[in-house]
*Asks:* 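Mind having a look at this structure? Questions to follow.
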Protein chains: 2
Amino acid sequence: MSSTRVLILGVLLDGPLHGYEVRRRLELWGADQWAHVAFGSIYHGLAKMAEEGLLRRLGEGTGGRTRYEITEAGRAEFMRLLMKHWWEIRPIVDPFQVALTFMDRLSPADLVAAMEGRAAQLRAAIEMTERAMAAKRAHGAPRHVDETLKLNAAQLKAQLEWIEDALRRVEKGELP
Amino acid sequence: MSSTRVLILGVLLDGPLHGYEVRRRLELWGADQWAHVAFGSIYHGLAKMAEEGLLRRLGEGTGGRTRYEITEAGRAEFMRLLMKHWWEIRPIVDPFQVALTFMDRLSPADLVAAMEGRAAQLRAAIEMTERAMAAKRAHGAPRHVDETLKLNAAQLKAQLEWIEDALRRVEKGELP
DNA sequence: TGACAGCTACTCAAGTTTGAGTACAAATTT
DNA sequence: AAATTTGTACTCAAACTTGAGTAGCTGTCA
């Protein structure tokens with residue numbers, strides 16, 4: 001269910017890399033924006049999957065750079081996990097939904113301030129995403145990676161519209 | 001950063017409960033849809049926060065039901081975390097973004113099938129959410145909890161629109 | 001009445017994530 | 001040329017999540 005494994009396997013499809021390179025590649029694709037790709041997770045994933053035979057350890061041990069190569073079993077597992085990610089509608093785990101659940105625990109003034117602040121941040125984030133898309137990045141990342149930005153912007157916009165509507169209702173006293 | 005703590009503290013604001021009741025209450029609010037609230041997480045969170053003085057252990061030990069009561073420190077921590085959740089725009093961690101990143105690794109036929117399948121699932125999910133909202137749930141959950149459904153539906157719709165557009169482009173050969 | 005399902009309440013091991021820390025090399029500044 | 005910063009490559013403990021497992025209790029239905 002975790003996405004870390006697919007990401008690591010996917011990055012290694014085109015050739016062996018070591019942990020640091022895996023991380024850099026994922027950053028290039030913008031994966032740090034929508035996944036947990038801290039160093040710890042990557043090194044853990046590499047070690048675990050090597051143990052399971054999905055990867056093959058290439059370089060030297062501790063200290064030097066250890067490179068990992070994907071095995072046939074690893075390729076099969078990648079495909080299996082990729083399909084799963086396409087077909088499974090896993091509800092988005094969003095900390096903002098948590099905030100929403102307890103909107104009645106804030107004073108009206110705090111609530112309005114929080115909503116306005118969030119709306120402003122969302123507008124900024126959407127604008128940044130649109131600028132990034134216009135800049136065409138293309139610094140080695142495949143073209144279709146732009147699509148993740150596009151989808152992300154669309155979802156941020158949906159959240160912004162919801163906030164703008166909810167803000168009106170809070171001001172009218174209809175919420176919470 | 002984790003949402004589990006806010007959810008547990010928030011549920012305990014109105015009176016002591018034991019682990020199983022905490023889970024049921026969260027389910028009632030639909031939190032199982034957008035957060036990690038497996039039993040293990042809840043019992044772990046309760047034990048940890050009791051140790052830290054955010055909760056007070058009430059009932060007996062193992063075997064019987066152990067009830068937990070929120071302390072003053074716990075209420076303060078709840079407010080702190082709630083504010084953080086309102087103000088922080090944490091990029092949504094979405095497994096579907098992972099699927100998207102590797103869209104070029106599927107055969108065109110598999111890709112189209114996956115996209116069509118997903119679109120169908122999204123339409124069903126949106127309809128279900130809308131029905132749930134129409135049914136007015138109100139089985140003890142506060143009214144504003146409907147808002148989480150509404151926001152969720154809006155985000156699902158954004159994803160559906162993206163897929164419908166991308167599907168056209170895949171068929172025209174513009175993607176990936 | 002006894003057997004079987006289903007609910008309540010919790011435990012535990014294995015896996016995963018976090019985030020700070022280490023260590024050394026290359027580049028840059030003073 | 002010494003000092004400082006920046007970048008590369010990795011480690012580790014502590015925290016968190018998962019999911020299967022356990023164990024008692026309450027119907028219920030033949």
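We name chains A, B, ... by the order of the sequence lines, and we start the count at 1 in each one.
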*Asks:* Does anything in residues 12-20 of chain A reach DNA chain D, meaning a heavy atom under 4.0 Å, and if so which residues?
*Replies:*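 Heavy-atom contacts with DNA chain D come from A/H18, A/G19, A/Y20.
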
*Asks:* Could you state the atom-to-atom distance from CZ of B/R65 to P of D/dA23 in whole Å?
*Replies:*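 Computing the B/R65:CZ to D/dA23:P distance gives 18 Å.
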
*Asks:* The criterion is salt bridge (Lys or Arg N to Asp or Glu O under 4.0 Å); which residues satisfy it with B/D165, sequence neighbours excluded?
*Replies:*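 Expected list: B/R168, B/R169.
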
*Asks:* Is B/W34 close to B/T148 at the side-chain level, that is, under 4.5 Å between some pair of heavy atoms?
*Replies:*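 The answer is yes; the side chains approach within 4.5 Å.
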
*Asks:* In whole angstroms, how far is the P atom of C/dA9 from the CZ atom of B/F39?
*Replies:*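 So the CZ-P distance, B/F39 to C/dA9, works out to 10 Å.
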
*Asks:* Taking only side-chain N and O atoms of A/T66, does any of them lie within less than 4.0 angstrom of OP1 or OP2 on D/dC10?
*Replies:*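 A/T66 to D/dC10 OP1/OP2: side-chain N or O found under 4.0 Å.
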
*Asks:* Check the distance between C/dT18's P and A/R23's CZ and give it to me in whole angstrom.
*Replies:*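 Those two atoms, CZ and P, are 10 Å apart.
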
*Asks:* Tell me the interatomic distance from A/R25, atom CZ, to D/dT8, atom P, rounded to whole angstroms.
*Replies:*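 Between P of D/dT8 and CZ of A/R25: 14 Å.
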
*Asks:* For B/E127, which residues count as a side-chain contact (heavy atoms from CB on, under 4.5 Å) partner, sequence neighbours excluded?
*Replies:*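 Per chain and number, B/E127 pairs via side-chain contact (heavy atoms from CB on, under 4.5 Å) with B/R131.
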
*Asks:* Report the distance from atom CD1 of B/I8 to atom C1' of D/dC16, rounded to the nearest whole Å.
*Replies:*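 Answer to the nearest Å: 11 Å.
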
*Asks:* Produce the list of close N/O pairs, under 3.5 Å, pairing protein atoms with atoms of nucleotides 14-17 of chain C; give distances to one decimal.
*Replies:*
{"residue": "C/dT16", "atom": "OP1", "partner": "A/R5", "partner atom": "NE", "Å": "3.3"}
{"residue": "C/dT17", "atom": "OP1", "partner": "A/S2", "partner atom": "OG", "Å": "3.0"}
{"residue": "C/dT17", "atom": "OP1", "partner": "A/T4", "partner atom": "OG1", "Å": "3.2"}
{"residue": "C/dT17", "atom": "OP2", "partner": "A/T4", "partner atom": "OG1", "Å": "3.3"}

*Asks:* Suppose we screen for side chain to side chain donor-acceptor pair (under 3.5 Å). Which residues come up paired with B/T129, at least two apart in sequence or across chains?
*Replies:*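 So B/T129 forms no side chain to side chain donor-acceptor pair (under 3.5 Å) with any residue.
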
*Asks:* Check side chain to side chain donor-acceptor pair (under 3.5 Å) between A/R123 and all other residues, then give those that pass, not counting sequence neighbours.
*Replies:*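 Expected list: A/E164.
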
*Asks:* By salt bridge (Lys or Arg N to Asp or Glu O under 4.0 Å), which residues pair with B/R25, not counting sequence neighbours?
*Replies:*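 None.
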
*Asks:* Restricting to ring-ring contact (aromatic ring centres under 6.0 Å, His included), what partner residues turn up for A/F96, sequence neighbours left out?
*Replies:*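 Per chain and number, A/F96 pairs via ring-ring contact (aromatic ring centres under 6.0 Å, His included) with B/W86.
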
*Asks:* Atom OH of A/Y43 and atom P of C/dG19: how far apart are they, to the nearest Å?
*Replies:*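 Atom OH in A/Y43 sits about 17 Å away from atom P in C/dG19.
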
*Asks:* Can you hop from A/L9 to A/L13 via hydrophobic side chains spaced under 4.5 Å?
*Replies:*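 Same hydrophobic cluster.
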
*Asks:* Whole-Å distance between D/dT8 C1' and A/R67 CZ?
*Replies:*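 Taking CZ of A/R67 and C1' of D/dT8, I get 14 Å after rounding.
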
*Asks:* Across the strands shown, which category fits A/R24 at heavy-atom distances under 4.0 angstrom: base, sugar-phosphate, nothing?
*Replies:*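 Touches sugar-phosphate only.
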
*Asks:* Rounded to the Å, how far apart are A/I42 CD1 and D/dT8 P?
*Replies:*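 Going from CD1 in A/I42 over to P in D/dT8 covers 14 Å.
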
*Asks:* Tell me, please, which residues at least two apart from A/W162 pass ring-ring contact (aromatic ring centres under 6.0 Å, His included).
*Replies:*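 So A/W162 forms no ring-ring contact (aromatic ring centres under 6.0 Å, His included) with any residue.
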
